[in-house]
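Take a look at the structure set out below.
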Amino acid sequence: MKIRSGRLDKEMTDEAAEFTSSLEADKEIFYADIKCNFAHTTMLKQESIIDSDIADKILNALLQLKEEGYSVLNFDPSVEDIHMAIENYVTSIVGPDAGFMHTAKSRNDQVATDIRIVLREKIRDIQLNILDFIDDLVDMADNYKESVFIGFTHLQHAQPITIAHHLMAHVQVLKRDYERLDDTYKRVNLNPLGSAAMTTTSFPINRDLTTKLLGFDGYLENSMDGVSARDFAAEAIFDLSSLCTTLSKICEELILWSTYEFSVIRMDDAYCSTSSIMPQKKNPDVAEVARSKATRVNGELVTVLTMLKALPYTYNRDLQEITPHLWNSFYESNAVLSIVSKMLLSVKFNEDVCLNLAGKNFATATDLADIMVREKKIPFRTAHQIVGRVVNEATVKGMEATDVTSEFVDNVCRELEIHELNLDDELVKSALDPLENVKMRKVPGGPSPEMVTIAMKNIKEFIKKERESKF
């Protein structure tokens, strides 16, 4: 006798059965389904809903299956999913009494529970990988705290920073990516088991017990929501999409900075290739492929949101099709995270080039204006106008920032019909020096070595706390 064959007079065709089967994606929830059945059967036994001897036979069969593994299951065309395959296995050992395992539950709440069990594990796994990357990136930044670099806006020279400050910017974004997953975890780790098909059950089940046995923080308080909610899956995929966006931006910078025009970094040969016809080429192929693969998770997110947008309450078989996109998002994200982290950490910065760039194109000009405001008490907009003209005239004359003197500034002031400032030449020189410019920025969050050191210390403490509390 085939399980659940009572209602229909005709079996599905092999083609229809294969078309609707979820077995390929269900491999991910094999152990979770055993765990779910084990907790549910344990609860049924404790609440005296089924006979203790029968429950023990079922529990022993589930333990045996856990030991033997996925490969021992029998998958003929009539087996729609992992739940049926496991039930068939238990039936082959226990006999018809295995059917008691299904008392007071449905595949609807069962699969929802399985997905949440696996998803919370996958979230923690990728969070740990993110933490490892952050930790290593902070160590890398520690080598460059006084290595001056140029910061960009609009991809144009903006103001001097340090290489460490730039690397720590990526650290902060990665930390937020980590925290988004942490926040999602709270909504994932809720127990739908007990919702049954959609209206719970008339059996006196103990949802607190199954919640405890399965390690959930609580249970979902609406049975319709319990079986149909998949917003947590979409949320997790969004978190991964955000992470991949972070990683893609890192790739973009590595590609730009490794060009001859920038010459800011030297990419490790292990992450590059050469041309089939141009022997001089060193192409950042891995960064380019990673930048492209990172976009796949965006596609998975749009797919899942589109599936969800028009579904009526409660369970619809469409929900089955969400799961492969969820698992694939984690696969792709982990792959990109792994390769990008190794690639970035292998990079060597050309510190002389970075310092040279920081001193070019009057990137220090803002501090010259700030000195005018601070020392001569003139409005910033007036100082902005003076320095703008200073930069314009110095550029026309082929001067560098270090060539600008107090007298040059006063000449500009006279042209603008603004009173002379008579700034101290040492103040002008200090303001226009890239390293001194960076050191003056001691505001929290700034690029001075002191502030970067504080930021690094805070991140290290965050990493330590997270590892001790969650892993």
Side-chain angles (χ1 to χ4, degrees), residues 1-6 22-23 26-75 78-121 188-221 223 226-227 315:
M1 182 182 77
K2 296 205 185 278
I3 296 173
R4 307 182 188 97
S5 61
S22 62
L23 283 172
D26 284 351
K27 290 176 183 177
E28 292 280 356
I29 61 172
F30 170 67
Y31 289 107
D33 200 67
I34 294 174
K35 189 173 185 177
C36 179
N37 277 307
F38 197 93
H40 184 72
T41 304
T42 299
M43 180 274 296
L44 294 176
K45 174 185 174 181
Q46 180 162 316
E47 300 300 316
S48 301
I49 295 172
I50 65 174
D51 182 80
S52 292
D53 290 338
I54 293 174
D56 287 341
K57 291 178 182 178
I58 293 170
L59 294 173
N60 287 331
L62 290 170
L63 288 174
Q64 182 177 325
L65 176 57
K66 184 180 178 181
E67 286 293 318
E68 293 180 351
Y70 182 84
S71 61
V72 301
L73 295 178
N74 179 34
F75 300 113
S78 68
V79 177
E80 299 174 15
D81 52 38
I82 197 72
H83 319 295
M84 186 179 290
I86 289 176
E87 195 171 339
N88 283 343
Y89 175 90
V90 176
T91 301
S92 71
I93 295 174
V94 176
D97 283 347
F100 283 105
M101 178 175 68
H102 205 59
T103 305
K105 73 173 169 65
S106 163
R107 282 187 295 176
N108 294 356
D109 63 339
Q110 189 171 331
V111 69
T113 305
D114 293 350
I115 291 170
R116 288 172 182 267
I117 289 171
V118 175
L119 180 54
R120 69 189 183 190
E121 293 171 357
V188 170
N189 203 33
L190 296 171
N191 184 17
L193 191 62
S195 300
M198 63 164 287
T199 60
T200 69
T201 176
S202 58
F203 288 99
I205 62 172
N206 185 340
R207 294 195 70 192
D208 286 318
L209 177 57
T210 54
T211 296
K212 181 180 179 181
L213 290 172
L214 292 170
F216 287 108
D217 294 329
Y219 55 77
L220 291 163
E221 296 186 352
S223 58
V227 299
Y315 185 83

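Note that the numbering runs from 1 along the sequence shown for the chain. Below, all heavy atoms of this structure are taken into account, side chains as well, without hydrogens, waters or symmetry copies. Only a predicted model underlies this, so the values are computations on that prediction, with no experimental measurement involved.
At a threshold of 4.5 Å between non-hydrogen side-chain atoms, the residues M198 and Y315 do not count as touching. Proximity of T113 to L214: side-chain heavy atoms (C-beta onward) are separated by under 4.5 Å at one or more points.
Atom OH of Y219 sits in a sparse spot, with 12 or fewer heavy atoms from other residues, nucleotides or ligands closer than 6.0 Å.
Using modelled atom types and a 3.5 Å distance limit, the side chains of S195 and D109 yield no donor-acceptor pair.
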Step-by-step side-chain contact (heavy atoms from CB on, under 4.5 Å) determination, N74 to N88:
CA-CA 8 Å; N74 179 34; N88 283 343; over 6 Å; no

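Note that CD1 of I54 and CZ of F100 are 4.5 Å apart. Values are rounded to the nearest 0.5 Å. To the nearest 0.5 Å, atoms CD1 (I205) and CD1 (I49) are separated by 7.0 Å. The CG atom of D53 lies 11.0 Å from the CD1 atom of I58; values are rounded to the nearest 0.5 Å.
Across E87, H102, K105, a single residue satisfies side-chain hydrogen bond (donor to acceptor under 3.5 Å, both in side chains) together with N37, and that is K105. Checking T199, L220, N108 one by one against V227, the side chain to side chain contact (heavy atoms under 4.5 Å, CB included) holds for a single residue, N108.
A donor-acceptor pair is defined here as one N or O able to donate and one able to accept, closer than 3.5 Å; such a pair exists between the side chain of R116 and the backbone of V188. Looking at H83, its side chain never comes within 3.5 Å of a backbone N or O of S106 through a donor-acceptor pair.
When every heavy atom of N206 is checked against every heavy atom of M43, the shortest pair comes out as N-SD, 3.4 Å. Across all their heavy atoms, A85 and L73 have their closest contact at O-CD2, 3.7 Å. Of all heavy-atom pairs spanning A55 and I50, the tightest one is CB-CD1, 3.8 Å. In terms of heavy-atom proximity, I82 sits nearest to D26 at N-OD2, 3.0 Å. Closest approach of Q110 and C36 over heavy atoms only: CG-SG, 3.9 Å. Scanning both residues, D114 and A32, for their nearest heavy atoms gives OD1-O, 3.4 Å.
Between R107 and D81 there is a salt bridge, since a side-chain N of the basic residue sits under 4.0 Å from a carboxylate O of the acidic one.
Shown here are the side-chain contact (heavy atoms from CB on, under 4.5 Å) partners of Q46, two or more places apart in sequence or in another chain: L209. Looking at residues two or more places apart in sequence or on another chain, you find a side-chain contact (heavy atoms from CB on, under 4.5 Å) between E121 and I117.
A cation-pi geometry, defined here as NZ or CZ lying under 6.0 Å from the six-membered ring centre and within 45° of its normal, does not hold between R207 and F216.
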Which pairs would a plain distance check flag for residues 60-67, meaning a side-chain donor or acceptor within less than 3.5 Å of a matching protein atom at least two apart in sequence or in another chain?
unit_1 : atom_1 : unit_2 : atom_2 : d
N60    : ND2    : D56    : O      : 3.1
Q64    : NE2    : E68    : OE2    : 3.2
Q64    : NE2    : Y89    : OH     : 3.2

